[in-house]
Undergrad: 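Just passing along the structure, written as C-alpha coordinates.
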Amino acid sequence: MAIATIEVDRSAILHNVDYFRQLAPNSELIAIVKANAYAHGKVGVAQLLADKVDGFGLARLSEAIELRDAKIKTPLVLLEGFFPHDDLNLLINHDIQTAIHCDEQIVRLNAIPKKNQLTVWFQLDTGMHRLGFRLEDAKANFTKLVNCQVVRKPINIISHFSSADELDSPQTATQLQRLDDFLASIDDKTLIGKCSIAAAGGAIAWPLSRKSTIRPGIALYGVSPFTNPMPELKAAMTFKSELTAIRPHKQGESVGYGQIWTSPRDTRLGVVAMGYGDGYPRAIPENTPVLINGRRVPIVGRVSMDMIVVDLGPDCQDQLGDDVIFWGKGLPVEEIANHTGISAYELLTRLTSRAQIHYVN
Ligand SMILES: *Cc1c(COP(=O)(O)O)cnc(C)c1O
(Lines give C-alpha, C1' and ligand atoms only; values in the text may rest on other atoms or scores of the structure.)
Protein backbone atom coordinates (compact mmCIF):
# COMPACT_ATOMS: atom_id res chain seq x y z
CA MET A 1 0.00 0.00 0.00
CA ALA A 2 1.47 3.32 -1.07
CA ILE A 3 1.66 6.15 1.40
CA ALA A 4 0.85 9.04 -0.93
CA THR A 5 -2.29 7.89 -2.70
CA ILE A 6 -4.35 9.31 -5.53
CA GLU A 7 -7.74 7.77 -4.92
CA VAL A 8 -9.91 8.02 -8.02
CA ASP A 9 -13.67 7.58 -7.75
CA ARG A 10 -14.73 6.11 -11.07
CA SER A 11 -18.41 6.83 -10.48
CA ALA A 12 -17.60 10.55 -10.18
CA ILE A 13 -16.00 10.54 -13.64
CA LEU A 14 -19.04 8.77 -15.09
CA HIS A 15 -21.29 11.34 -13.41
CA ASN A 16 -19.28 14.17 -14.97
CA VAL A 17 -19.47 12.58 -18.43
CA ASP A 18 -23.25 12.38 -17.99
CA TYR A 19 -23.29 16.05 -17.02
CA PHE A 20 -21.64 16.96 -20.34
CA ARG A 21 -23.91 14.58 -22.27
CA GLN A 22 -26.94 16.41 -20.87
CA LEU A 23 -25.37 19.82 -21.34
CA ALA A 24 -24.54 19.18 -25.00
CA PRO A 25 -26.83 16.35 -26.12
CA ASN A 26 -26.16 17.01 -29.80
CA SER A 27 -22.37 17.07 -29.54
CA GLU A 28 -19.87 14.27 -29.59
CA LEU A 29 -17.55 14.18 -26.61
CA ILE A 30 -13.78 13.83 -26.80
CA ALA A 31 -12.53 13.16 -23.28
CA ILE A 32 -9.17 14.82 -22.69
CA VAL A 33 -6.77 12.38 -21.04
CA LYS A 34 -3.45 14.16 -21.65
CA ALA A 35 -0.93 14.46 -18.80
CA ASN A 36 -1.90 11.01 -17.52
CA ALA A 37 -5.56 12.04 -17.45
CA TYR A 38 -4.72 15.03 -15.25
CA ALA A 39 -2.96 12.53 -12.93
CA HIS A 40 -5.99 10.21 -12.71
CA GLY A 41 -4.22 7.53 -14.76
CA LYS A 42 -4.84 7.63 -18.50
CA VAL A 43 -5.18 3.87 -19.01
CA GLY A 44 -7.58 3.49 -16.08
CA VAL A 45 -9.67 6.43 -17.22
CA ALA A 46 -9.60 5.31 -20.85
CA GLN A 47 -10.72 1.79 -19.88
CA LEU A 48 -13.57 3.29 -17.86
CA LEU A 49 -14.71 5.58 -20.68
CA ALA A 50 -13.72 3.56 -23.78
CA ASP A 51 -17.29 2.96 -24.93
CA LYS A 52 -18.86 5.99 -23.22
CA VAL A 53 -17.14 8.77 -25.17
CA ASP A 54 -16.45 9.42 -28.85
CA GLY A 55 -12.71 9.88 -28.54
CA PHE A 56 -9.78 10.68 -26.32
CA GLY A 57 -7.62 13.78 -26.64
CA LEU A 58 -3.88 13.63 -25.95
CA ALA A 59 -0.89 15.91 -26.21
CA ARG A 60 1.89 13.45 -27.04
CA LEU A 61 2.17 10.59 -29.54
CA SER A 62 3.68 8.39 -26.82
CA GLU A 63 0.53 8.87 -24.71
CA ALA A 64 -1.65 7.75 -27.59
CA ILE A 65 0.47 4.68 -28.25
CA GLU A 66 0.26 3.69 -24.59
CA LEU A 67 -3.52 3.67 -24.92
CA ARG A 68 -3.38 1.55 -28.08
CA ASP A 69 -0.97 -0.83 -26.32
CA ALA A 70 -3.58 -1.09 -23.55
CA LYS A 71 -6.08 -2.28 -26.21
CA ILE A 72 -8.08 0.96 -26.26
CA LYS A 73 -9.88 1.05 -29.64
CA THR A 74 -11.62 4.43 -29.19
CA PRO A 75 -10.58 7.22 -31.59
CA LEU A 76 -7.51 9.11 -30.35
CA VAL A 77 -6.68 12.70 -31.28
CA LEU A 78 -3.32 14.47 -30.95
CA LEU A 79 -4.48 17.95 -29.95
CA GLU A 80 -1.16 19.64 -30.79
CA GLY A 81 -0.55 17.57 -33.88
CA PHE A 82 2.50 15.43 -34.47
CA PHE A 83 5.96 16.80 -33.69
CA PRO A 84 8.98 17.28 -35.99
CA HIS A 85 10.63 14.01 -34.91
CA ASP A 86 7.47 11.91 -34.63
CA ASP A 87 7.23 8.90 -36.93
CA LEU A 88 4.08 9.26 -39.03
CA ASN A 89 3.97 5.50 -39.54
CA LEU A 90 3.07 5.23 -35.88
CA LEU A 91 0.02 7.44 -36.44
CA ILE A 92 -1.00 5.43 -39.46
CA ASN A 93 -0.41 2.02 -37.92
CA HIS A 94 -2.17 2.89 -34.67
CA ASP A 95 -4.96 4.84 -36.38
CA ILE A 96 -4.26 8.01 -34.42
CA GLN A 97 -5.91 11.26 -35.52
CA THR A 98 -3.92 14.45 -35.51
CA ALA A 99 -4.37 18.18 -35.57
CA ILE A 100 -2.60 19.87 -38.50
CA HIS A 101 -1.55 23.39 -37.67
CA CYS A 102 1.27 24.38 -40.03
CA ASP A 103 2.62 24.14 -43.52
CA GLU A 104 5.57 21.94 -42.53
CA GLN A 105 3.11 19.30 -41.40
CA ILE A 106 1.34 19.38 -44.78
CA VAL A 107 4.71 18.87 -46.48
CA ARG A 108 5.25 15.77 -44.37
CA LEU A 109 1.77 14.46 -45.15
CA ASN A 110 2.50 14.81 -48.84
CA ALA A 111 5.58 12.62 -48.43
CA ILE A 112 3.60 9.65 -47.07
CA PRO A 113 3.00 6.78 -49.53
CA LYS A 114 -0.42 7.35 -51.11
CA LYS A 115 -1.94 4.05 -50.06
CA ASN A 116 -2.24 5.32 -46.46
CA GLN A 117 -5.02 7.35 -44.88
CA LEU A 118 -4.97 9.67 -41.89
CA THR A 119 -7.85 11.41 -40.13
CA VAL A 120 -6.89 15.01 -39.43
CA TRP A 121 -8.23 18.09 -37.66
CA PHE A 122 -7.49 21.35 -39.47
CA GLN A 123 -6.41 23.68 -36.68
CA LEU A 124 -7.63 27.22 -37.11
CA ASP A 125 -6.14 30.06 -35.08
CA THR A 126 -9.20 32.07 -34.11
CA GLY A 127 -7.36 34.12 -31.47
CA MET A 128 -5.39 31.89 -29.13
CA HIS A 129 -2.34 32.60 -31.33
CA ARG A 130 -0.50 29.54 -30.08
CA LEU A 131 -1.05 27.00 -32.84
CA GLY A 132 -3.10 26.89 -35.98
CA PHE A 133 -3.40 28.42 -39.42
CA ARG A 134 -3.87 32.15 -39.43
CA LEU A 135 -7.22 33.41 -40.70
CA GLU A 136 -5.79 35.23 -43.69
CA ASP A 137 -4.36 32.08 -45.23
CA ALA A 138 -6.62 29.49 -43.65
CA LYS A 139 -8.71 28.88 -46.74
CA ALA A 140 -5.65 28.33 -48.95
CA ASN A 141 -4.19 25.90 -46.42
CA PHE A 142 -7.49 24.07 -46.09
CA THR A 143 -7.45 23.58 -49.84
CA LYS A 144 -3.89 22.24 -49.62
CA LEU A 145 -5.05 19.73 -47.05
CA VAL A 146 -8.01 18.76 -49.23
CA ASN A 147 -5.50 18.04 -51.99
CA CYS A 148 -3.40 15.79 -49.77
CA GLN A 149 -4.16 12.30 -50.92
CA VAL A 150 -3.43 10.66 -47.59
CA VAL A 151 -5.89 12.93 -45.77
CA ARG A 152 -9.26 11.29 -45.22
CA LYS A 153 -12.22 13.45 -46.26
CA PRO A 154 -14.16 15.17 -44.90
CA ILE A 155 -11.67 17.17 -42.82
CA ASN A 156 -12.43 17.97 -39.18
CA ILE A 157 -11.94 21.50 -37.85
CA ILE A 158 -10.49 22.35 -34.45
CA SER A 159 -9.82 25.63 -32.67
CA HIS A 160 -9.22 26.67 -29.06
CA PHE A 161 -10.38 29.52 -26.82
CA SER A 162 -7.92 31.73 -24.99
CA SER A 163 -10.34 33.15 -22.42
CA ALA A 164 -13.37 30.89 -22.07
CA ASP A 165 -13.10 31.13 -18.27
CA GLU A 166 -13.51 34.92 -18.39
CA LEU A 167 -17.24 35.28 -18.57
CA ASP A 168 -17.26 38.98 -19.38
CA SER A 169 -14.51 38.91 -21.99
CA PRO A 170 -15.57 39.66 -25.59
CA GLN A 171 -12.80 37.35 -26.84
CA THR A 172 -14.86 34.14 -26.87
CA ALA A 173 -17.63 35.62 -29.01
CA THR A 174 -15.00 37.03 -31.37
CA GLN A 175 -13.34 33.65 -31.73
CA LEU A 176 -16.68 31.95 -32.38
CA GLN A 177 -17.50 34.48 -35.07
CA ARG A 178 -14.13 33.88 -36.76
CA LEU A 179 -14.74 30.14 -36.72
CA ASP A 180 -18.20 30.58 -38.22
CA ASP A 181 -16.84 32.95 -40.88
CA PHE A 182 -14.23 30.40 -41.83
CA LEU A 183 -16.80 27.61 -42.08
CA ALA A 184 -19.01 29.85 -44.24
CA SER A 185 -16.07 30.60 -46.54
CA ILE A 186 -15.68 26.95 -47.54
CA ASP A 187 -17.88 26.56 -50.61
CA ASP A 188 -18.02 22.79 -50.65
CA LYS A 189 -19.54 21.96 -47.26
CA THR A 190 -19.12 18.23 -47.87
CA LEU A 191 -15.40 18.75 -47.25
CA ILE A 192 -16.08 19.80 -43.64
CA GLY A 193 -16.34 17.01 -41.09
CA LYS A 194 -16.57 17.50 -37.35
CA CYS A 195 -16.00 20.87 -35.72
CA SER A 196 -14.74 21.55 -32.20
CA ILE A 197 -13.74 24.66 -30.28
CA ALA A 198 -14.95 24.11 -26.70
CA ALA A 199 -12.88 22.66 -23.89
CA ALA A 200 -14.62 22.39 -20.51
CA GLY A 201 -14.91 26.12 -19.87
CA GLY A 202 -16.34 26.83 -23.31
CA ALA A 203 -18.79 23.94 -23.22
CA ILE A 204 -20.08 24.98 -19.80
CA ALA A 205 -20.24 28.75 -20.13
CA TRP A 206 -20.70 29.39 -23.85
CA PRO A 207 -23.63 27.41 -25.34
CA LEU A 208 -22.86 28.57 -28.89
CA SER A 209 -19.46 26.90 -28.62
CA ARG A 210 -21.05 23.43 -28.39
CA LYS A 211 -20.30 22.55 -32.00
CA SER A 212 -20.39 18.99 -33.31
CA THR A 213 -17.73 17.96 -30.76
CA ILE A 214 -16.82 19.19 -27.28
CA ARG A 215 -13.48 18.47 -25.59
CA PRO A 216 -13.74 18.71 -21.81
CA GLY A 217 -10.72 17.87 -19.71
CA ILE A 218 -10.50 19.10 -16.15
CA ALA A 219 -14.25 19.06 -15.51
CA LEU A 220 -14.45 15.34 -16.35
CA TYR A 221 -12.44 14.88 -13.21
CA GLY A 222 -14.90 17.03 -11.30
CA VAL A 223 -12.77 20.15 -11.12
CA SER A 224 -14.20 23.46 -12.23
CA PRO A 225 -12.42 25.28 -15.06
CA PHE A 226 -13.46 28.47 -13.24
CA THR A 227 -12.44 29.70 -9.81
CA ASN A 228 -14.99 28.06 -7.57
CA PRO A 229 -16.16 24.45 -7.32
CA MET A 230 -19.25 23.62 -9.41
CA PRO A 231 -22.03 21.75 -7.58
CA GLU A 232 -22.96 19.98 -10.83
CA LEU A 233 -19.61 18.17 -10.88
CA LYS A 234 -18.26 15.45 -8.60
CA ALA A 235 -14.58 15.54 -7.68
CA ALA A 236 -13.00 12.24 -8.71
CA MET A 237 -9.66 12.56 -6.93
CA THR A 238 -8.91 12.36 -3.25
CA PHE A 239 -5.23 12.99 -2.75
CA LYS A 240 -4.09 11.72 0.61
CA SER A 241 -1.41 10.25 2.80
CA GLU A 242 -1.08 9.50 6.50
CA LEU A 243 0.29 10.75 9.80
CA THR A 244 3.65 9.15 10.45
CA ALA A 245 4.63 10.96 13.65
CA ILE A 246 2.97 13.10 16.32
CA ARG A 247 5.36 15.19 18.40
CA PRO A 248 5.10 17.59 21.32
CA HIS A 249 6.31 21.06 20.35
CA LYS A 250 7.04 24.07 22.55
CA GLN A 251 6.05 27.70 22.12
CA GLY A 252 8.82 29.64 20.37
CA GLU A 253 10.28 26.60 18.58
CA SER A 254 10.49 26.55 14.81
CA VAL A 255 10.03 23.57 12.53
CA GLY A 256 11.65 22.51 9.29
CA TYR A 257 13.99 24.04 6.74
CA GLY A 258 14.76 27.72 7.10
CA GLN A 259 12.81 27.99 10.36
CA ILE A 260 10.13 29.94 8.55
CA TRP A 261 7.46 29.22 11.18
CA THR A 262 7.63 29.51 14.94
CA SER A 263 4.90 28.16 17.17
CA PRO A 264 2.94 30.78 19.15
CA ARG A 265 1.94 28.12 21.75
CA ASP A 266 2.76 24.71 23.10
CA THR A 267 1.12 22.27 20.73
CA ARG A 268 1.37 18.90 19.01
CA LEU A 269 2.73 18.71 15.48
CA GLY A 270 1.88 15.99 13.00
CA VAL A 271 4.38 14.80 10.42
CA VAL A 272 2.78 13.64 7.19
CA ALA A 273 4.38 11.47 4.51
CA MET A 274 3.92 13.90 1.65
CA GLY A 275 6.25 16.29 -0.07
CA TYR A 276 7.27 17.83 -3.33
CA GLY A 277 8.69 14.43 -4.30
CA ASP A 278 5.04 13.36 -4.55
CA GLY A 279 4.12 16.53 -6.41
CA TYR A 280 2.77 18.54 -3.49
CA PRO A 281 4.37 21.86 -4.45
CA ARG A 282 7.14 23.31 -2.32
CA ALA A 283 5.57 26.70 -3.03
CA ILE A 284 2.50 25.75 -0.93
CA PRO A 285 2.44 28.42 1.77
CA GLU A 286 2.09 27.67 5.45
CA ASN A 287 -1.46 27.81 6.71
CA THR A 288 -2.72 25.89 3.70
CA PRO A 289 -5.34 23.49 5.11
CA VAL A 290 -5.28 19.71 5.04
CA LEU A 291 -8.15 17.55 6.25
CA ILE A 292 -7.53 15.24 9.21
CA ASN A 293 -10.39 13.39 10.88
CA GLY A 294 -12.86 15.80 9.34
CA ARG A 295 -11.22 19.03 10.41
CA ARG A 296 -9.02 21.53 8.60
CA VAL A 297 -5.51 21.63 10.02
CA PRO A 298 -2.86 24.15 8.85
CA ILE A 299 0.50 23.28 7.34
CA VAL A 300 3.38 24.84 9.29
CA GLY A 301 6.91 25.39 8.03
CA ARG A 302 8.15 24.57 4.58
CA VAL A 303 7.05 21.64 2.43
CA SER A 304 10.08 19.34 2.13
CA MET A 305 10.74 16.55 -0.34
CA ASP A 306 9.15 13.73 1.63
CA MET A 307 7.38 15.35 4.56
CA ILE A 308 5.18 18.16 5.65
CA VAL A 309 4.31 19.22 9.16
CA VAL A 310 0.88 20.25 10.40
CA ASP A 311 -0.19 21.88 13.65
CA LEU A 312 -2.64 19.40 15.17
CA GLY A 313 -3.27 21.57 18.25
CA PRO A 314 -2.48 20.86 21.92
CA ASP A 315 -5.58 18.72 22.56
CA CYS A 316 -5.59 16.63 19.40
CA GLN A 317 -6.89 13.07 19.48
CA ASP A 318 -5.36 12.04 16.15
CA GLN A 319 -3.47 8.76 15.89
CA LEU A 320 -0.50 7.59 13.87
CA GLY A 321 -1.70 6.22 10.55
CA ASP A 322 -4.75 8.49 10.34
CA ASP A 323 -5.60 9.72 6.85
CA VAL A 324 -4.51 13.17 5.80
CA ILE A 325 -6.39 14.57 2.80
CA PHE A 326 -4.75 17.30 0.72
CA TRP A 327 -7.72 17.74 -1.56
CA GLY A 328 -10.78 15.80 -2.59
CA LYS A 329 -14.04 15.09 -0.81
CA GLY A 330 -14.49 17.71 1.90
CA LEU A 331 -11.62 19.90 0.70
CA PRO A 332 -12.04 20.97 -2.95
CA VAL A 333 -8.85 21.35 -4.97
CA GLU A 334 -10.32 24.68 -6.12
CA GLU A 335 -10.03 25.89 -2.51
CA ILE A 336 -6.36 24.89 -2.41
CA ALA A 337 -5.82 26.60 -5.77
CA ASN A 338 -7.42 29.81 -4.53
CA HIS A 339 -5.46 29.65 -1.28
CA THR A 340 -2.08 29.01 -2.90
CA GLY A 341 -2.38 30.83 -6.22
CA ILE A 342 -1.38 27.58 -7.96
CA SER A 343 -4.08 26.64 -10.49
CA ALA A 344 -6.01 23.41 -10.00
CA TYR A 345 -4.71 22.27 -13.41
CA GLU A 346 -1.16 22.54 -12.12
CA LEU A 347 -1.86 21.05 -8.69
CA LEU A 348 -3.26 17.95 -10.38
CA THR A 349 -0.76 17.49 -13.16
CA ARG A 350 2.32 18.00 -10.98
CA LEU A 351 1.65 14.82 -9.01
CA THR A 352 4.49 12.36 -9.47
CA SER A 353 4.56 8.60 -9.93
CA ARG A 354 5.55 8.17 -6.28
CA ALA A 355 1.91 8.91 -5.51
CA GLN A 356 0.07 5.75 -6.49
CA ILE A 357 -3.29 5.70 -8.18
CA HIS A 358 -6.00 3.59 -6.61
CA TYR A 359 -9.44 3.25 -8.24
CA VAL A 360 -12.61 2.94 -6.20
CA ASN A 361 -16.28 2.42 -7.17
C1 LIG B 1 -6.13 20.64 -22.58
C2 LIG B 1 -7.01 20.87 -23.74
C3 LIG B 1 -8.40 20.68 -23.63
C4 LIG B 1 -9.09 20.42 -22.30
O5 LIG B 1 -9.07 21.60 -21.54
P6 LIG B 1 -9.83 21.72 -20.14
O7 LIG B 1 -9.74 23.15 -19.80
O8 LIG B 1 -9.11 20.85 -19.18
O9 LIG B 1 -11.24 21.27 -20.38
C10 LIG B 1 -9.16 20.77 -24.79
N11 LIG B 1 -8.59 21.08 -25.98
C12 LIG B 1 -7.27 21.29 -26.11
C13 LIG B 1 -6.70 21.63 -27.44
C14 LIG B 1 -6.44 21.21 -25.00
O15 LIG B 1 -5.13 21.44 -25.14
Side-chain angles (χ1 to χ4, degrees), residues 12-13 16-17 19-21 23-24 27-40 42 45-46 49 53-61 63-64 75-83 96-102 105 120-133 156-167 169 171-172 175-176 179 194-206 209-230 232-233 235-237 333-334 337 342-351:
I13 298 176
N16 299 327
V17 169
Y19 163 76
F20 278 103
R21 289 296 194 194
L23 188 73
S27 300
E28 293 195 348
L29 192 158
I30 292 182
I32 306 302
V33 295
K34 63 187 177 186
N36 203 23
Y38 298 54
H40 296 69
K42 65 178 163 313
V45 171
L49 298 183
V53 299
D54 304 292
F56 292 115
L58 301 139
R60 303 283 186 267
L61 178 56
E63 296 175 331
L76 304 179
V77 182
L78 296 181
L79 301 165
E80 308 173 27
F82 56 85
F83 295 163
I96 295 166
Q97 306 180 16
T98 178
I100 298 293
H101 56 75
C102 67
Q105 289 182 318
V120 307
W121 294 73
F122 179 83
Q123 191 154 14
L124 183 70
D125 176 10
T126 53
M128 177 73 164
H129 302 314
R130 185 176 60 181
L131 285 180
F133 293 102
N156 304 316
I157 314 285
I158 189 168
S159 191
H160 196 57
F161 290 130
S162 64
S163 312
D165 57 336
E166 292 172 32
L167 303 184
S169 163
Q171 168 76 345
T172 300
Q175 288 191 253
L176 273 173
L179 174 61
K194 298 171 186 178
C195 179
S196 179
I197 189 166
I204 294 167
W206 302 89
S209 76
R210 298 169 199 152
K211 301 287 190 188
S212 80
T213 307
I214 60 170
R215 315 187 302 268
I218 197 153
L220 292 179
Y221 310 102
V223 178
S224 169
F226 312 109
T227 338
N228 294 317
M230 288 177 55
E232 299 88 340
L233 301 174
M237 181 189 294
V333 69
E334 292 92 333
I342 303 171
S343 83
Y345 289 88
E346 189 173 345
L347 289 172
L348 296 180
T349 58
R350 270 177 171 230
L351 300 186

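The structure presented is a predicted model; accordingly, all values stated were derived computationally and were not measured. Both backbone and side-chain heavy atoms feed into the values below; hydrogens, waters and symmetry mates do not. Whatever order the structure lists them in is the order used to number ligands and atoms, beginning at 1. In this chain, numbering begins with 1 at the start of the sequence shown.
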Undergrad: Consider only side-chain N and O atoms of His129 and Asp125, and report whether a donor and an acceptor are under 3.5 Å apart.
TA: yes
Undergrad: List the residues meeting side-chain hydrogen bond (donor to acceptor under 3.5 Å, both in side chains) with Glu80, not counting sequence neighbours, and say none if there are none.
TA: Arg60
Undergrad: Pairs of nitrogen or oxygen atoms, one from ligand 1 and one from the protein, closer than 3.5 Å: please tabulate them with distances.
TA:
unit_1	atom_1	unit_2	atom_2	d
ligand 1	7 (O)	Tyr345	OH	2.6
ligand 1	8 (O)	Tyr38	OH	2.6
ligand 1	8 (O)	Ile218	N	2.8
ligand 1	9 (O)	Ala200	N	2.9
ligand 1	9 (O)	Gly217	N	2.8
ligand 1	11 (N)	Arg215	NE	2.9
ligand 1	11 (N)	Arg215	NH2	3.2
ligand 1	15 (O)	Lys34	NZ	2.7

Undergrad: Mind listing the side-chain donor-acceptor pairs of residues 194-201 below 3.5 Å, one per line with the distance, residues two or more places apart or on another chain?
TA:
unit_1	atom_1	unit_2	atom_2	d
Lys194	NZ	Glu28	OE1	3.1
Ser196	OG	Thr213	O	3.0
Ser196	OG	Arg215	NH1	2.9

Undergrad: Please confirm whether the backbone N or O of Gly127 pairs with a side-chain atom of Gln171, one donor and one acceptor, at under 3.5 Å?
TA: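 Yes, because the side chain of Gln171 sits within donor-acceptor range (under 3.5 Å) of the backbone of Gly127.
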Undergrad: Hey, is CZ on Arg130 packed in by over 12 heavy atoms from elsewhere, all under 6.0 Å?
TA: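 No, because the 6.0 Å sphere around CZ of Arg130 holds 12 heavy atoms or fewer from other groups.
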Undergrad: Mind checking what makes ring-ring contact (aromatic ring centres under 6.0 Å, His included) contact with Phe122, not counting sequence neighbours?
TA: Phe133, Phe142, Phe182
